[in-house]
Structures are given as structure tokens and as C-alpha cells.
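Have a look at the structure below, then the notes.
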Amino acid sequence: MSGGYLRRILEGRLSREELSRLPSGFQRIGHVAVLSLPPELWGKRKEIGEALLGKNGVRTVAVRRGGMEGRERRPSLEVVAGDPSTVTLHREHGCLFRLDPLRVMFSPGNLHERGRLPGLVRPGEVVVDLFAGVGQFSIPIARLARPSRVYAVELNPVAHAYLCENVRLNRVGGVVVPLLGDCEEVAPRGVADRVILGILHVTHRYLPLAGRVLRASGGFLHYHESVPASLRFSRPARRVKEAFPNREVEILGVREVKKYSPGVVHVVVDARVGPEGGAAF
Ligand SMILES: C[S@@+](CC[C@H](N)C(=O)[O-])C[C@H]1O[C@@H](n2cnc3c(N)ncnc32)[C@H](O)[C@@H]1O
């Protein structure tokens, strides 16, 4: 939804100055609308929420109080209007996601990436999703591509429970294997044709693990990183290359997933890692 839309529905309820401060849009996760408001509009959050109720199926409005918290990336949201029940069913790319956006992370900004990955997976591949969340990447891959297995590793029991539910809802139980625990401990070794490292801030620390999860014959990595915009084409690709000094690494692409914060972008590096022992691809 565009900022123009928010302004239109709030005209007459906010001053001209306040209307000009409205965000450029809001996000929808199932029936929940999620808004980021500037501090000047914080006092008006309930009025803004009320105005959104009922529009295009919005039944609950929540505003962000801060960024994701902790290792489990818990959102910090406050419900300001509508149904206090925030467990929802989100439809996207022909997949269903049950989740509670107040308890688990689901980034609307990663929409394109969730739709892109299945197009890269070749029939019969084994995929390991090291930070699976509620199945944001594992579910579309299992539904829209033809992998033989997707191991979906998740540390947070709440996200893991939604992941298991989403496996059932999308009827991909024959393909997706949800694993509860720290990927350092529970991710299978030496099995993967493709490894997804879908987390930010700490991703580079898990590159050695991704190398052990790949087959000895090598495979593909999708490495996510939040990085100052000026370094987006250098640091993430360099980190991937440096993690495998004894293996051939081909950088296939660096793509911006979304703006992360002022001056910082979220990028994903697609890379191909060669066989162990330094043999060529
Ligand atoms: C930011 S969410 C991303 C989910 C999904 N990959 C995406 O990009 O939309 C990261 C998830 O990784 C989980 N996580 C963090 N550290 C982990 C670890 N060491 N092993 C397994 N899961 C982990 C968190 O609980 C969280 O659900």
C-alpha cells in the first residue's frame, strides 16, 4: 500500500503536518497490518490503526517499537487497533504460512527472495536451510521446486512449531524435515547440494559450518548479510571467498534484498563452492 493511500484514509483525522509524516506504506502479514511510525506520530498510533481496520481485510493493526530482538530475532510490535489475536494465515507465492507476527519474524521485504529461490533449485537436490524460521524459504522450495529433501533447521521452539504446522498445511511432509536446535549441532553434514544462510548480522560466522553441510563434491550457497551500502559489492562476496581458502569459490551474483536501515542494505550472495581438496568444479 502506498503512502498516498494512508494519507487518503487519514485525511480529516490528522493535521496537514501529521499527514506529511505518515510512512510511505505498511506491511501486511495475513490479517495483520504492520506499520513503522516516526516518533512525532507515536501519540496518534491508535487513531491511525483504527482508520486502517476493515480496509482490504485488515483486522489487526500493529506498530513497530524497535528492531528484531535477540538470537531468535523476536519482533517488537504493539497491537494498537482491532482483534488482539495476531495468529494469522499469510498466503504468498501459492504457499500458506501460519504464524504470529508478534512472536516470530516474517519480513515482507524478503518477498521477492522467497519467490526467487525455488527457481534455482534443480530436481532431486538436497537443500539445507540453516535458519529456517517458519519455513520462509523451505516451504516455497518444497512446493514450487522438486528437491528430494529440504532440511529446515530452527532454534526457536515457537518458530519451529509454526514450521511444522506449515509443512502440514502445504502438504510437503514427504520432503521437508524440520529439525529443532542450533544448526551448529543439528544440521546434517556432507549432504547438501544447496545451503541457505538466511540470517543477518552473524551470518559470516556460519560459513565454515555451511562448508561442512555441503557435499564433499561442492554445491551452492545463498549467503545473506546486512552491510553498509558502500560495501555491498565487496564485503559479503569477500567473506564467502575467504571462508573457503582451500576450495574453489565462484560468486554467481550479489543481489540487494531490501534496504535494512539508513545507509545499510540486506544483500544475498549466490555462490558455488567447489569440491573439498581444491579440485576444480
Ligand atoms: C531472521 S530469522 C530468518 C528466517 C528466514 N530464514 C528468513 O530469512 O525469512 C532467523 C531465524 O534463525 C533462527 N536462528 C538463529 N540462530 C540459529 C541457530 N544457531 N540455529 C538455528 N536457528 C537459528 C532464529 O530463531 C530465527 O527464527
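Heavy-atom basis, side chains included; hydrogens, waters and symmetry copies ignored. Every number for a ligand or one of its atoms is a count from 1 in the order of the listing.
- Under the 4.0 Å criterion applied to side-chain N and carboxylate O atoms, R215 and D193 are assigned as salt-bridge partners.
- Between K258 and the choices E113, H112, H266, the side chain to side chain donor-acceptor pair (under 3.5 Å) rule is met once, by H266.
- Nearest protein heavy-atom contact of atom 22 (N) of ligand 1 is L155 N, 3.2 Å.
- In this structure, of F137, Y206, F131, Y162, the residue bringing a heavy atom nearest to atom 14 (N) of ligand 1 is F131.
- Contacts with ligand 1 closer than 4.0 Å are made by side-chain heavy atoms of I199 only, the backbone lying farther away.
- Atom NE2 of H90 sits about 10.0 Å away from atom CG of L96, to the nearest 0.5 Å.
- Nearest to atom 1 (C) of ligand 1 among the protein's heavy atoms is R73 CG, 3.4 Å.
- Of all atoms in ligand 1, numbered sequentially from 1 with element shown, those under 4.0 Å from a heavy atom of G133 are 27 (O).
- Close approach of ligand 1 to G181 (heavy-atom distance below 4.0 Å) involves ligand atoms 20 (N), 21 (C).
- Residues meeting the side-chain contact (heavy atoms from CB on, under 4.5 Å) test with A81, sequence neighbours left out: E50, L53, V61.
- Nearest protein neighbour of atom 15 (C) of ligand 1, counting heavy atoms only, is R71 O, 3.2 Å.
- By heavy-atom distance, the residue among E154, M105, E184 lying nearest atom 26 (C) of ligand 1 is E154.
- In this structure, R116 forms no cation-pi arrangement with F137, as its terminal cationic atom is not both closer than 6.0 Å to the ring centre and no more than 45° off the ring axis.
- For residues 63-89, no pair satisfies ring pair (Phe, Tyr, Trp, His ring centres under 6.0 Å), with sequence neighbours left out.
- Scanning all protein heavy atoms for the shortest distance to atom 3 (C) of ligand 1 gives G198 O, 3.3 Å.
- Ionic pairing of E125 and R122 is present here: one or more N-O contacts between side-chain nitrogen and carboxylate oxygen are shorter than 4.0 angstrom.
- Among protein heavy atoms, the minimum distance from atom 20 (N) of ligand 1 is reached at C183 N, 2.9 Å.
- At the top of the distance list for atom 19 (N) of ligand 1, counting protein heavy atoms only, stands D182 OD1, 3.0 Å.
- The number of heavy-atom neighbours closer than 6.0 Å to CZ of R189, taken from other residues, nucleotides and ligands shown, is above 12.
- With a 4.0 Å cut-off on non-hydrogen atoms, L130 touches ligand 1 through its backbone and not its side chain.
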